[in-house]
Structures are given as structure tokens and as C-alpha cells.
Amino acid sequence: MHSTIKTSQEKQCTIVVVGPTASGKSAIATALAKKYNGEVLSADSRQIYRGLDIGTGKEPGYDATFIDATGRTRNMYVSDNVAHHMINIVHPTTIYSAAKFVKKAQRIHADICARGKTPIICGGTLFWAQALVEGTVFPSVPPNPSLRAALRDQSPAALLQKLQERDPAYAKIVDPRNPARLIRAIEVATALGAIPRVSSVAPIKNPLILALSPSRDILYTRIEKRMDHWFATGIFDEIVHAHTALRVPWVRLEQFGLEYKWCTRYVRGYVSFATMRTNTLRDLKHYAKRQETWLRRWERSNPYIIRIHTLSDAMHHYSRHTLCRPSQKKS
RNA sequence: GCCGAGGUAGCUCAGUGGUAGAGCAAAGGACUGAAAAUCCUUGUGUCGAGAGUCCGAUUCUCUCCCUCGGCA
């Protein structure tokens, strides 16, 4: 039952490994990649940045190149002898987005399949992972920096008013007190006249979605341990290096959130070590909680998500999935 | 031992003669080109203990206990 050799009955599938921070996604994804001739496609909104390694939880590795299915040379990241994609793809000052991620990741996914490998989507940015799996098409309105700057200081009420003038229907369903939501809605409505309905095109076929879900006690312990390990192994140097050698402004570093936010302040002498540590830990726990909330919601709309705890759970479900799939055929 | 300031939600503290709130934490939720971001909802606790005054005390008085300063 645990055969690692592909039989003719096995069908190609994409493994998806999600879960909160510090739940052990990377280790499982890498192990699955070795087991099933796979390549990892990262869905992590921070590991895309070069030079942010420790605090983003990158597994040790190096940048390398490979030849894709069309014969082109492409970049990848190699960790534990496994190819990883969507890691170290942009400079930290680059503004990236979920839409860009989905577009690029779809191409990479197709290429992995074309080369006969098993794609393993792995990441903690559930928004990105779900959008990729479901093939979400975002309104094709890129961010408008000057509009955003102009709206930045307006009250939610004023923003809502503006949105009502453009798209009253959408104004009824947005979060009326969330500036980020309101500004994006105004941005889209200004460009297109109204907010288009969201559509899902080109979802990933035959996904096996595995969700790591350690108990909260265990997770919080792991988060704290990992955080202290980062403090001890050079995250402060990394931040200083990003600022001096990579010329990443301090404000930008703070924008990355979590430890980058607090360690940057600590490195600059604005907060004590104790404050930095306490706040980082608090924010990490909040983050993990939001990831779990997202996962629960996704589960409500997708009954095929499977909760797992170990690598052998993952392998067990992979075997079942590839050998005798439930009727989830394309229609 | 004396003087002073306090003891109210897990923490920091407001507050009132008619049995109490805020922030943070915690829990839950939202999320469609910022997502490690952004935002929403949820607060009954012997108001340190005992006694007294009062129709009624967490609020006033007394005693005690504890904490923190200062003086010895």
C-alpha cells in the first residue's frame, strides 16, 4: 500500500500542504517531494523575498537554475535536494500581490506537470494558496499608488461614501470599517465602473489538500521555540544586512510584519529586547489564529480538505487519493 | 515599628451610596491584485477579609491581612 513506484492506475495529482505557521509544513512537503518525485511550489507571501531568510522560516538552501519543459532556463531554490519554486523571486522592495502570485504560480504548476513531476503546493499564506488551487481570477486592476496615497488618510465613512457613488451594490457588502477593503474597492470601481463578480477559472485539477493542524498548545510552544531560535541565529544581522547591503528602507522592513516589524524596531533601539520578544510572540500567535480561521472557512466550502498530523498521514491519503479517487471528476 | 500610596476581569488600571467599566490578553469571525496586511464581534468579576453606619456599601467609618515606596 505504501508503494512509492507509480503504477499505471495512479493519476496525476497536486498535493497541497497548508497549515498555520510553525506547524511543520515545509518538512512534510519536502519529504513528500522526495517520496513522490515532486517539486515544491511555495505559497508564502514572505519567502518570495530575497534576503529575508531566517524570519520567513526558509529552509536552508541555495538558488539554482533548471531547464523547463520548453527548454528555457529558469530559477529555482533548492533545499534538501528538492526543487522549490516561488522562493527568492523578488527584491524586498518589490510590491507583490496575490494576483501576481496566482498568474506566475499557474505557469510554474503547468511546467512541473509537463515535466512529469508531482507539484506540491506548500505555504502558510492561505489566501494565496486557495486562490491558486481554485484558480481565482482577480479583477485586472493593478494597484494605483497615487490613488491609494490620496485615500490613505480618509475616514472609513468617507471612503464608504465614495464607494457608494461608484458601486452602491458592492458598498452594501464590503466591510464598512476596513480602509484596506474600501480603498481597493474604490480602486477597482474607478477603473472598471463597478466591481466585477469573482470568478474561478482553471482550478488546479485533482488536488489533495492536506492541512496540518497541531493543537494550539503544541503550536504555540513550537512558535515560541522557533522564534527564540531565530533570535539566537542571526535574525538581527539579517535585518541590518537587508537595510545596509540590500538598501531596504526601515519602514519597508517593518511592513513585513511579525518579527520583521519588532526586530527592526529593536535593532534601531526603539524598543527593549523584552518588549520586542513579547510583541513578536503575541503577533505570531495572532497570525497563527488567523490562519486557522481561514482554514476553517475554506473547509466549510471544500469538504475534500483533509486534516493530518504526520508525514505518514500524508502518505496514507496520497495513496488513497491516487489509487482510488472518489468521484470528483471534471464536468 | 512609624508615615504615605494602594489592593476592582488573566494583566494594567478607571469609577460610583443603589452589586461596575476601558485598554491589552483570550476566544470567535471577515477577507477576492497590500493578506506576516487590514478589519469586526464577545467583558459577572466573592470590587482583599471582617465588622459598623445606612432602607441599601464595591463606594463612608473602624479593625485586620497583603503589596509598594519613604523613614527608622
Side-chain angles (χ1 to χ4, degrees), chain A residues 18 20-22 42-49 52 54-58 90 92-105 123-145 147-149 151-152 155-156 159-160 170 173-192 195-201 216-217 220 223 226-227 230 235 251-264 275 278-301:
Chain A
V18 292
T21 185
S42 164
D44 186 301
S45 69
R46 294 299 183 260
Q47 293 191 2
I48 60 170
Y49 297 112
L52 306 185
I54 296 171
T56 62
K58 270 177 215 167
V90 291
T93 51
T94 307
I95 305 294
Y96 213 73
S97 70
K100 280 189 185 175
F101 166 78
V102 171
K103 282 182 193 165
K104 190 174 169 93
T125 306
L126 279 286
F127 176 41
W128 288 18
Q130 187 178 356
L132 174 59
V133 169
E134 299 185 346
T136 303
V137 177
F138 296 99
S140 54
V141 179
N144 180 339
L147 179 69
R148 288 187 182 193
L151 299 175
R152 187 203 311 277
S155 70
L159 293 169
L160 186 61
Y170 197 77
I173 57 168
V174 270
D175 184 346
R177 298 206 239 175
N178 189 333
R181 290 284 114 66
L182 290 163
I183 290 173
R184 161 95 290 230
I186 293 168
E187 190 170 71
V188 175
T190 303
L192 303 179
I195 285 89
R197 297 207 78 180
V198 180
S199 52
S200 276
V201 183
R216 198 156 282 184
D217 279 358
Y220 282 3
I223 286 173
R226 193 163 78 142
M227 178 189 75
W230 290 342
I235 189 167
V251 261
R252 178 61 178 162
L253 283 166
E254 285 198 26
Q255 278 175 8
F256 293 125
L258 303 182
E259 47 277 310
Y260 287 103
K261 177 175 176 179
W262 292 105
C263 292
T264 297
T275 301
T278 305
N279 291 341
T280 302
L281 186 58
R282 179 199 60 203
D283 288 355
L284 282 166
K285 288 175 178 175
H286 286 167
Y287 172 49
K289 207 154 108 57
R290 270 179 277 131
Q291 290 174 302
E292 289 177 335
T293 299
W294 187 291
L295 187 59
R296 273 181 236 123
R297 188 180 64 137
W298 194 8
E299 276 179 324
R300 272 178 238 129
S301 67

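As the structure is a prediction and not an experimental result, all values here were calculated from the model.
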Taking any heavy-atom pair under 4.0 Å as a contact, classify [X]: base, sugar-phosphate, or nothing.
| X | value |
| --- | --- |
| A/Tyr96 | sugar-phosphate |
| A/Thr21 | nothing |
| A/Lys289 | base |
| A/Asp283 | nothing |
| A/Trp128 | sugar-phosphate |
| A/Gln291 | nothing |

Between [M] and [N], how far apart are the [atom1] atoms? Round to whole Å, please.
| N | M | atom1 | value |
| --- | --- | --- | --- |
| B/rC71 | B/rC11 | C1' | 32 Å |
| B/rA26 | B/rG10 | P | 15 Å |
| B/rA14 | B/rA72 | C1' | 35 Å |
| B/rC13 | B/rC55 | C1' | 33 Å |
| B/rC40 | B/rU32 | P | 15 Å |
| B/rA35 | B/rU41 | P | 24 Å |
| B/rG43 | B/rA9 | C1' | 7 Å |
| B/rG7 | B/rA49 | C1' | 11 Å |

What is the distance, to the nearest angstrom, from the [atom1] atom on [X] to the [atom2] atom on [N]?
| X | N | atom1 | atom2 | answer |
| --- | --- | --- | --- | --- |
| A/Arg181 | B/rU38 | CZ | C1' | 6 Å |
| A/Ile95 | B/rA35 | CD1 | C1' | 13 Å |
| A/Leu160 | B/rC40 | CG | C1' | 15 Å |
| A/Arg148 | B/rU38 | CZ | P | 14 Å |
| A/Glu259 | B/rA36 | CD | P | 12 Å |
| A/Trp294 | B/rU32 | CH2 | C1' | 8 Å |
| A/Arg300 | B/rG29 | CZ | P | 6 Å |
| A/Leu159 | B/rU38 | CG | P | 16 Å |

According to a strict under-4.0 Å criterion, is [X] in side-chain N/O contact with OP1 or OP2 of [N]?
| X | N | answer |
| --- | --- | --- |
| A/His286 | B/rA27 | no |
| A/Arg290 | B/rA35 | no |
| A/Arg177 | B/rU41 | yes |
| A/Thr125 | B/rA35 | no |
| A/Arg282 | B/rA25 | yes |
| A/Lys103 | B/rG33 | no |
| A/Arg46 | B/rA35 | yes |
| A/Arg216 | B/rA27 | yes |

> So do the side chains of A/Trp230 and A/Thr280 get within less than 4.5 Å of each other, counting heavy atoms only?
Replying inline: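 With C-beta onward as the side chain, the pair stays apart.
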
Any strand counts, and the cut-off is 3.5 Å on both contacts for Watson-Crick or G-U wobble. Which nucleotide pairs with [N]?
| N | result |
| --- | --- |
| B/rU16 | none |
| B/rU46 | none |
| B/rU61 | B/rA51 |
| B/rG4 | B/rC68 |
| B/rC24 | B/rG10 |

To the side chain of [X], which of [options] is closest?
| X | options | answer |
| --- | --- | --- |
| A/Pro139 | B/rA34, B/rG28, B/rG33 | B/rG33 |
| A/Leu258 | B/rA36, B/rG33, B/rU38 | B/rA36 |
| A/Tyr220 | B/rA35, B/rG33, B/rA27 | B/rA27 |
| A/Ser97 | B/rC39, B/rG33, B/rG29 | B/rG33 |
| A/Thr136 | B/rA36, B/rU32, B/rG29 | B/rU32 |
| A/Tyr287 | B/rA36, B/rG33, B/rA26 | B/rA36 |

>> Taking atom types as they are modelled, would you say the side chain of A/Arg296 forms a donor-acceptor pair with the base of B/rA30 within the 3.5 Å cutoff?
In response: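 Side chain to base: no pair present.
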
> Under the criteria of a ring-centre distance below 5.5 Å and an interplanar angle below 30°, is A/Phe138 stacked with the base of B/rG33?
Replying inline: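 By the stated criterion, A/Phe138 and B/rG33 do not stack.
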
>> Check A/Arg184 with A/Glu187, please: is the shortest side-chain N to carboxylate O separation under 4.0 Å?
In response: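 Looking at A/Arg184 together with A/Glu187, the answer is yes, because their closest N to O distance falls below 4.0 Å.
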
>> Looking at every non-hydrogen atom in both residues, tell me the closest pair between A/Ile186 and A/Leu159 and how far apart they are.
In response: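 So the two residues come closest at CD1-O, 3.4 Å.
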
